[in-house]
Amino acid sequence: QVQLVESGGGSVQAGGSLRLTCTASGRLYSTFCMAWFRQATGKERERVAVMHTTVGTTNYPAKLKGRFTISIDSVENTVYLDINSLKPEDTAKYYCAAGNRGCTTSRDDYDFWGQGTQVTVS
């Protein structure tokens, strides 16, 4: 099992920045895809960033590239999501996820999830 706990969300003004933190524990050696998803009210959950932890590659949706950055502190077992130039449409609950089925965009391929942290941009 892998346990994930997110933090760092809050209310920010448009144009601001946030760093979301995901603290991981448990059998981390069993996973190699660490991702961030978000879900806005009434919308599907979408992946906003992923890192293949073995090779260090990252992937972002084209519409978010340049504003979202995923990084990992392997010593602290912590995954970060830095978001810059926040927009009202970034308002959503952000989730950390872990899995080992190909680092896809599908939520079904991630076995472990945190409880989420709310980001509100006005």
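Fair warning: this is a prediction, and the values are worked out from it, not measured in the lab.
Under a 3.5 Å cut-off, the side chain of T53 and the backbone N or O of F32 do form a donor-acceptor pair. Between the side chain of T91 and the backbone N or O of V121 there is at least one donor-acceptor pair closer than 3.5 Å. The closest donor-acceptor contact from the side chain of Y60 to the backbone of I70 lies under 3.5 Å. Judged by distance alone, with hydrogens and angles left aside, the side-chain atoms of E6 form a donor-acceptor pair with the main-chain N or O of G116 at under 3.5 Å. No side-chain donor-acceptor contact under 3.5 Å links T57 to the backbone of V55. A distance-only check finds a donor-acceptor pair linking the side chain of T117 to the backbone of G9 [under 3.5 Å].
In the hydrophobic cluster analysis, where Ile, Leu, Val, Met, Phe, Trp and Tyr join through side-chain heavy atoms closer than 4.5 angstrom, V2 is grouped apart from Y95. Cluster membership check: V50 does not share its hydrophobic cluster with V79, using side-chain heavy-atom separations under 4.5 Å among Ile, Leu, Val, Met, Phe, Trp and Tyr.
Remark: M34 CE to C96 SG distance equals 4.0 Å, nearest 0.5 Å. Annotation: the span from N77 atom CG to T23 atom OG1 amounts to 9.0 Å, rounded to 0.5 Å. Here the CE-OG distance, from M51 to S71, works out to 6.5 Å after rounding to the nearest 0.5 Å. For the atom pair T69 OG1 and L81 CG, the distance stands at 7.5 Å (nearest 0.5 Å). Put simply, CD1 on I72 and SG on C22 are 9.0 Å apart, with the number rounded to the nearest 0.5 Å. Taking CG of L18 as the start and CZ of F68 as the end, the distance is 10.0 Å to the nearest 0.5 Å.
Pairing each heavy atom of A40 with each of A92, the nearest pair is N-CB, 3.8 Å. Nearest heavy atom pair, residue Y110 against residue A35, reads CE2-CB, 3.7 Å. Contact detail for C103 and H52: the closest heavy-atom pair is SG-CD2, 3.8 Å.
Checked options E46, R107, R45; the residue passing with Q39 is R45 (criterion: side-chain hydrogen bond (donor to acceptor under 3.5 Å, both in side chains)).
In this structure, a donor-acceptor pair under 3.5 Å is present between the side chains of T104 and D109. A donor and an acceptor atom, one from each side chain of R19 and Y80, are nowhere located under 3.5 Å apart.
Remark: D90 engages R38 in a salt bridge, criterion side-chain N to carboxylate O under 4.0 Å.
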Stepwise side chain to side chain contact (heavy atoms under 4.5 Å, CB included) check, L4 with W113
CA-CA 6 Å; L4 304 171; W113 292 84; 5.5 Å; no

Would D111 and R101 count as a salt bridge (charged side-chain N to carboxylate O under 4.0 Å, His left out) if you check the C-alpha gap in whole Å, the side-chain angles of each, and the deciding distance to 0.1 Å?
CA-CA 9 Å; D111 299 307; R101 288 197 287 261; 3.0 Å; yes

Steps toward side chain to side chain donor-acceptor pair (under 3.5 Å) verdict (S17, N84)
CA-CA 4 Å; S17 301; N84 299 316; 3.2 Å; yes

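The closest side-chain heavy-atom distance from I83 to Y94 is below 4.5 Å.
Crowding of E89 atom CD: a count of heavy atoms from other residues, nucleotides or ligands under 6.0 Å exceeding 12. Around CD of Q115, the count of heavy atoms belonging to other residues, nucleotides or ligands within 6.0 Å exceeds 12.
In this structure, R47 is not positioned above the aromatic face of F37 in the sense of NZ or CZ being under 6.0 Å from the six-membered ring centre and within 45° of the axis.
Residue pairs that meet the disulfide (SG to SG under 2.5 Å) test with at least one member in residues 52-93, sequence neighbours left out, do not exist here.
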